[in-house]
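One structure below.
This is a predicted model, so every value here is computed, not measured. Naming: A, B, ... by sequence-line order, numbering from 1 per chain.
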Amino acid sequence: MKIPVIVIGGPTASGKTQLAIEWALKLNGEIVSCDSRQIYKYMDIGTAKPTLEERRLIPHHLIDIIYPDEVMSAGEFQKLARKCIEEIYARGKIPLLVGGTGLYIRAVIRDIDFPPKVDEKIREMIKEKIKEKGLSNVYRELLEVDPVTASKISPNDEIRITRALEVYYATGKPISFYRRGIDIDYPKYDIVYFVLNPPRDLLYKRIEERVDKMIQLGLIEETKHILNMGYSPGIPSLQTLGYREIIKYLQGMYDLKSAIEEIKKETRRYAKRQLTWFRNEIRVKLISYEEVKNAFCKIARYRQ
RNA sequence: GGGGACGUAGCCAAGCGGAUUAAGGCGGCGGAUUGCAAAUCCGCUAUUCCUCGGUUCGAAUCCGGGCGUCCCCU
């Protein structure tokens, strides 16, 4: 028998946290956060983590699991989340997978096998090569060793070109080899996948309010604090929306007002990207706030 | 009342008679996304240049009237 898993996705500021807690209480569930930023310690305000009270009310997993200078990946996350889900279920509770990182959710619930871990040195080597020979030449190289993947990637997409090439060098096989036979079904668990989909104007309003609130709560101080601990402003975790702009403000590249405007704008765009992802994810149920109650009926059978 | 400047997409803005089928930026919208994903990347977004008329083979570009905005003088 497959383990039942309730998935709640949705764009940032759509109210996932609150809904998840509400449902977890009703279902006797526990929450597995599926958020690529809330995994970081110290980054609390800017990632809108659930409060300590909320976490006391319902156990939340996979929050605060690594330090800002550590790196998480979809593959690593997949393992961690699956372990959580199994443990929760073994405890006689219902796992709720909730968050805004669509790729992480997909990695957990679909049957995706990621290529084996690649030595950091290989990536460094490729980055060096890009610096020396230029991205277009490195892209041409990918075109030769893995034309299938290359044709799907933009010649400007440095991150994906690097990845495809590093997998090729590390394993001798094109990354497209590892993508074959991916099942688009949900073979792993018994999934009910909801996506919160508020009207665009309401969502944007909520984003504005949330960003203002983050500033009030001390996003600037939090950023300073992380920097003071010795973390470099250049590390991937600090490229996170919000922290990135505040760092620029602290460096004098923005005045505060512009920084805040920039965060709002970028958050809107981020929400849009999330919606694109969720909209095109298979077998999801997009629900408005009005439909939330009705949606719960579909999962009420799990109530104990 | 007199003089001057200007009026190009939601906003900013280039073009100043024919390589324009009207640059570019911002914003907006859509999409991709398989071990960095709150990252990264891609696409779309003015059949028309305030308006009416004129000059011309040809006008956003020149001329005139109208409307509007701004500045200066009185």
Side-chain angles (χ1 to χ4, degrees), chain A residues 9-14 16 33-40 43 45-49 66 68-81 99-120 122-124 126-127 135 139 148-164 166-167 170-171 174-184 200-201 204 207 210-211 214 219 234-246 258 261-281:
Chain A
T12 188
S14 59
K16 298 183 292 292
S33 165
C34 242
D35 188 301
S36 69
R37 302 295 140 161
Q38 292 183 359
I39 56 176
Y40 288 109
M43 296 171 60
I45 298 168
T47 64
K49 280 179 195 164
I66 58 175
D69 58 351
E70 295 180 293
V71 174
M72 178 54 67
S73 68
E76 180 68 17
F77 190 88
Q78 178 188 60
K79 286 182 208 149
L80 294 171
T101 307
L103 175 64
Y104 282 14
I105 295 176
R106 183 187 285 179
V108 175
I109 65 178
R110 281 207 210 164
D111 207 8
I112 296 179
D113 285 321
F114 294 100
K117 201 177 176 95
V118 173
D119 192 329
E120 190 60 32
I122 295 179
R123 180 176 295 188
E124 288 309 315
I126 294 167
K127 282 184 176 166
L135 186 60
Y139 177 73
V148 177
T149 303
S151 66
K152 287 188 205 153
I153 299 177
S154 157
N156 299 322
D157 198 338
E158 187 169 332
I159 287 185
R160 291 200 171 76
I161 293 170
T162 306
R163 164 104 267 250
E166 76 179 11
V167 169
T171 68
I175 194 170
S176 43
F177 170 84
Y178 295 94
R179 293 189 196 177
R180 86 219 133 112
I182 288 165
D183 195 348
I184 56 158
R200 196 61 68 90
D201 51 350
Y204 284 5
I207 287 172
R210 167 175 280 189
V211 173
M214 283 178 179
L219 180 60
I235 58 178
S237 63
L238 288 178
Q239 303 319 305
T240 296
L241 178 44
Y243 295 93
R244 186 181 52 198
E245 288 76 14
I246 295 299
S258 318
E261 283 313 307
E262 199 65 17
I263 295 173
K264 288 177 179 173
K265 186 186 82 193
E266 288 302 325
T267 306
R268 266 181 255 132
R269 292 181 160 173
Y270 168 51
K272 236 160 56 69
R273 271 177 269 135
Q274 287 177 301
L275 282 168
T276 297
W277 179 284
F278 288 124
R279 235 185 263 134
N280 297 304
E281 186 60 290

Does A/Lys272 have any side chain to side chain donor-acceptor pair (under 3.5 Å) partners at least two apart in sequence or in another chain, and if so, which?
->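 A/Lys272 satisfies side chain to side chain donor-acceptor pair (under 3.5 Å) with no residue once adjacent residues are dropped.
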
Value in whole Å for how far the [atom2] atom of [N] lies from [atom1] of [X]:
X: A/Phe114; N: B/rU34; atom1: CZ; atom2: C1'; value: 5 Å
X: A/Ile112; N: B/rU34; atom1: CD1; atom2: C1'; value: 5 Å
X: A/Ile153; N: B/rA37; atom1: CD1; atom2: P; value: 16 Å

Compare side-chain N and O positions of A/Asn156 against OP1 and OP2 of B/rC42 and report whether any pair is under 4.0 Å apart.
-> yes

Report yes if at least one side-chain N or O of A/Arg269 is closer than 4.0 Å to OP1 or OP2 of B/rG28; otherwise report no.
-> yes

Using the side chain to side chain contact (heavy atoms under 4.5 Å, CB included) criterion, which residues pair with [X]? Sequence neighbours excluded.
X: A/Asn156; value: A/Ser154
X: A/Arg160; value: A/Ile153, A/Asp157
X: A/Ser73; value: A/Glu76
X: A/Thr171; value: A/Pro116, A/Val167, A/Lys173, A/Tyr178

What interatomic distance, in whole Å, is found between [atom1] of [M] and the corresponding atom of [N]?
N: B/rA22; M: B/rU69; atom1: P; value: 31 Å
N: B/rU61; M: B/rA9; atom1: P; value: 15 Å
N: B/rC12; M: B/rC52; atom1: C1'; value: 29 Å
N: B/rG66; M: B/rG1; atom1: P; value: 13 Å

Which protein N or O atoms sit under 3.5 Å from an N or O of nucleotides 29-32 of chain B?
from	atom 1	to	atom 2	distance (Å)
B/rC29	OP1	A/Arg200	NH1	3.1
B/rC29	OP1	A/Tyr204	OH	2.9
B/rC29	OP2	A/Tyr204	OH	3.2
B/rG30	OP1	A/Arg200	NH2	3.3
B/rG30	OP2	A/Arg200	NH1	3.2
B/rG30	OP2	A/Arg200	NH2	3.3
B/rG30	N7	A/Lys272	NZ	3.2
B/rG31	OP1	A/Arg279	NH1	3.2
B/rG31	OP2	A/Thr276	OG1	3.3
B/rG31	OP2	A/Arg279	NH1	2.2
B/rA32	OP2	A/Asn280	ND2	2.7

From the options B/rG35, B/rA39, B/rA37, select the nucleotide whose nearest atom is closest to the side chain of A/Thr101.
-> B/rA37

Pair A/Lys265 + A/Glu245, salt bridge at N-O below 4.0 Å = no

Short N-O contact, A/Glu120 and A/Arg123, less than 4.0 angstrom = no

So which nucleotide does B/rG68 pair with, by the Watson-Crick or G-U wobble rule with both distances under 3.5 Å?
->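 Paired with B/rC6.
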
